[in-house]
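Structure first, then comments.
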Amino acid sequence: MAEDNIYKERVEKRKNLIEKGYDVYPNKYEITSSIKELRERFKGLEKGTYTGCKIKTAGRIITIRRMGKASFFTIRSGGNDIQIYAAMDITPDYKTFIKLEPGDYIGVEGEIFTTKTGELTVKVESWQILSKSLRPPPEKWHGLKDIEERYRRRYLDLFVNKDVYEIFVLRSKTIDFIRRFLNSRGFIEVETPMMQIIPGGAIAEPFKTYHNALSMNLYLRIAPELYLKRLLVGGFEKVYELGKSFRNEGIDTKHNPEFTLLEIYSAYSNYEDMMRLCEDLIVSLFKEIKGELSFEYEGKKIDLTPPWKRISIFEELKRKTGIEFKGNLTRDFLILKAKELKIEIEEDSEEHKIFEKIFESVLEDELWGPVFIVDFPSKWSILAKKKKDDEEVVERFELFIAGEEIANAYSELNIPEDQRKNFEKQIRGYKEREIDYDYIEALEYGMPPAGGLGIGIDRLIMLLTGKNSIREIILFPLLRKK
RNA sequence: GCGCCCAUAGCUCAACAGGUAGAGCAGGGGCCUCUUAAGCCCAAGGUUGGAGGUUCGAUUCCUCCUGGGCGCACCA
């Protein structure tokens, strides 16, 4: 009810402004400089400097300090603040001006100067309302803290909490850097279907949708992989796609139903090349964006200085437990060994899950990384190529940093018969799972040997920003309808 | 999905052991021409997330519901 009153009051204030002849929603305001530009251009001025320089800038009113015949406001735009100074003897219609309130957008024009305390300030010699705010913004000092409200009304979070704003600027810079990095190495960016007839490239529950005109079920992609490899068949040598994939699974601090995945494919390469590329990319990214390779995450130190360690999965398991898993990957064996190692597992979960659980438990310390876990069992890596001298193992690695899988890569399987067999084996036990025979047909035309690399961009940004919840680095994370 | 925790004014937070909800900010009315969490005075603002229950009396205790957080499980 109180909110309603505030709302009504503000609507009334807007009406008063309109009656005084103010256009409260003008179409444009020509600024000479953004607040950011002003801060850069007039950095380090002495206290009490009057520049004589007149500028026009604009922003949202954040705080107001009225002192009778003179007032200071702070306005904010683009994540930057500047103080403005209005006074009876210099500001037109001063009385109306100081009745503006937090949340309102205004444009101001006047000399830029520094106060006696050295604060860069715009003298308001002319002003204009740019947009009247009808709802009170969150508190100026404590900001918006309620996590749910922050996610639901991210726009408030962004303009009130500067550190949040900065996270998303950093996210944007990260994406930009990745594109520049790959483009400069001759990769080209492509777009493949997000709506797929047969969801492939990973094992995960897809979102289902329906096309009316075609009377056809469609799925939101769980990965772009199979389409990108069709492009290798089509003659592209180096391609990547940076975009959303969707998985209809649980939501937690590490998982959002839609997430950003980078997939890179390079013809005539193998997983060793992708390992170098992956290391190069992430190291350059951290140097550029974070400015350092050594930092703390969740209170523990991470050092990304290359070269990163490589651990062969079967060897390491054998070294640590004395157990030879290679060639023994039956369900019974895995359950037995998990019990011996006192690792809690659910016996009815899939074999590869049990194996994964074992390897993640045994290698837990190493997975803080950065570390490349290499040579995965071929049994569950159905899109990867086997080693020439060892059928049990595929040419594949996963990159772990901070205990999380950040990247996954392999030498791509391009033998059509093997791919067909792997698909057929895999769909057993899954209802509603279809084989993408069109993909196999594409392979039959011939796909060059190639390395492929997938990087979870959200996880990477969590590392860059030091956040431990994926919702903190996604602008609008999915929440239940209220 | 399971377990634990949280929900009080627009925002940020109080309310001992069950006794009838209080402050700061924002907003309203005043004073104030270098303030910056500006300051001072006055007045206003609440179905304590929702529905039940226990009780003379519930923000407080109990049950269910809604939303959220954290952990576990799931997500190769």
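We name chains A, B, ... by the order of the sequence lines, and we start the count at 1 in each one.
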Whether A:R230 engages the ring of A:Y227 as a cation-pi pair (distance to the six-membered ring centre under 6.0 angstrom, angle to the ring normal within 45°) should be assessed. yes
Centroid separation A:F97 to A:F73 less than 6.0 Å: yes
Using a heavy-atom cut-off of under 4.0 Å over every strand shown, decide if A:K254 touches base, sugar-phosphate, or nothing. nothing
N/O (side chain, A:K123) to phosphate O (OP1/OP2, B:U33) under 4.0 Å: no
Could you work out which one of B:G68, B:C70, B:C34 sits closest to the side chain of A:R480? B:G68
Just the rounded figure in Å: distance from C1' of B:C74 to CG of A:N248. 12 Å
A:I406 side chain near A:E398 side chain, heavy-atom distance below 4.5 Å: no
Any-strand Watson-Crick or G-U partner of B:G10, both distances under 3.5 Å: B:C25
Kindly say whether, by distance alone, the side chain of A:Y85 makes a donor-acceptor pair under 3.5 Å with the base of B:U33? yes
Separation of B:U12 atom P from A:L156 atom CG, nearest Å, is 10 Å
Rounded to the Å, how far apart are A:E148 CD and B:C6 P? 16 Å
Starting at the 5' end of RNA chain B and moving along, which residue's nearest nucleotide shows up first, A:R396 or A:R471? A:R471
Parallel, tilted or perpendicular: which fits the ring planes of A:F372 and A:W308, with parallel below 30° and perpendicular above 60°? tilted
Nearest-Å distance, CZ (A:F113) to C1' (B:U35)? 10 Å
What does B:G19 pair with, Watson-Crick or G-U, if both distances are under 3.5 Å? B:C56
Which of the following nucleotides, B:C11, B:C70, B:G10, is nearest to the side chain of A:P138? B:C11
Could one point to a donor on the side chain of A:E119 or the base of B:U35 with an acceptor on the other under 3.5 Å away? no
What's A:T121 touching, base or sugar-phosphate or nothing? Going by heavy atoms closer than 4.0 Å. nothing
Under a 3.5 Å cut-off for both distances, is B:C70 Watson-Crick or wobble paired, and to whom? B:G3
Taking B:G10, B:C34, B:A76 as options, the one with an atom nearest any side-chain atom of A:P136 is B:G10
Report the nucleotide, chosen from B:G29, B:U33, B:A76, that has the shortest atom-to-atom distance to any side-chain atom of A:M67. B:U33
Starting the side chain at C-beta, find the nucleotide from B:C70, B:U12, B:U35 nearest to A:T253. B:C70
With a 3.5 Å cut-off and heavy atoms only, can you find an N or O donor on one side and an acceptor on the other between the side chain of A:D252 and the base of B:C72? no
Length of the CD-P vector between A:E12 and B:G28, whole Å: 12 Å
Choose from B:G68, B:A38, B:C11 the nucleotide whose nearest atom is closest to any side-chain atom of A:L144. B:C11
Taking only the side-chain nitrogens and oxygens of A:K357, find out if one of them lies under 4.0 Å from OP1 or OP2 of B:A73. yes
Step through it carefully: locate the ring centre of A:W127, locate the ring centre of A:Y22, and say whether they are under 6.0 Å apart. yes
Side chain of A:P102 only, please: which of B:A73, B:G27, B:A37 is the nearest? B:G27
Is the phosphate of B:G28, meaning OP1 or OP2, less than 4.0 Å from a side-chain N or O of A:K13? yes
Checking all strands, does A:K47 fall into the base, sugar-phosphate, or nothing category for heavy-atom contacts under 4.0 angstrom? nothing
Under 4.0 Å, counting only non-hydrogen atoms across every strand here, what does A:T115 touch: a base, just sugar-phosphate, or nothing? base
Measuring from the side chain of A:Y50 (C-beta onward, heavy atoms only), which nucleotide among B:G71, B:G69, B:C34 has the closest atom? B:C34
May I ask you to say what A:K145 touches in the nucleic acid, namely base, sugar-phosphate or nothing, with a heavy-atom cut-off under 4.0 Å? sugar-phosphate
Whole Å only: how far is the CD1 atom of A:I354 from the C1' atom of B:A73? 14 Å
Minimum-distance nucleotide (side-chain atoms of A:K140 versus B:U12, B:A38, B:A76): B:A38
A:Y85 and A:F113 aromatic ring geometry - parallel, tilted or perpendicular at 30°/60° bounds: perpendicular
Ignoring backbone atoms, establish whether A:R65 has a side-chain N or O less than 4.0 Å from OP1 or OP2 of B:A38. yes
Under a 3.5 Å limit for both distances, which nucleotide forms a Watson-Crick or G-U wobble pair with B:C64, could you say? B:G50
Starting at atom CZ of A:R66, determine the distance to atom C1' of B:C32, rounded to an integer number of angstrom. 13 Å
Closest to the A:Q83 side chain: B:G28, B:G24, B:U35? B:U35
Any base atoms under 4.0 Å from A:E249, or only sugar-phosphate, or nothing? Heavy atoms, all strands. sugar-phosphate
Gap between atoms CD1 and P, on A:I62 and B:A37 respectively (whole Å): 15 Å
Reckon A:G143 touches a base, only the sugar-phosphate, or nothing at all at heavy-atom distances under 4.0 Å? sugar-phosphate
With nearest nucleotide decided by heavy atoms, which residue, A:L100 or A:E149, maps closer to the 5′ end of RNA chain B? A:E149
Please work out which of the three classes, parallel, tilted or perpendicular, describes the rings of A:F355 and A:W380, given edges at 30° and 60°. tilted
Check: A:F397 ring centroid to A:F376 ring centroid under 6.0 Å: no
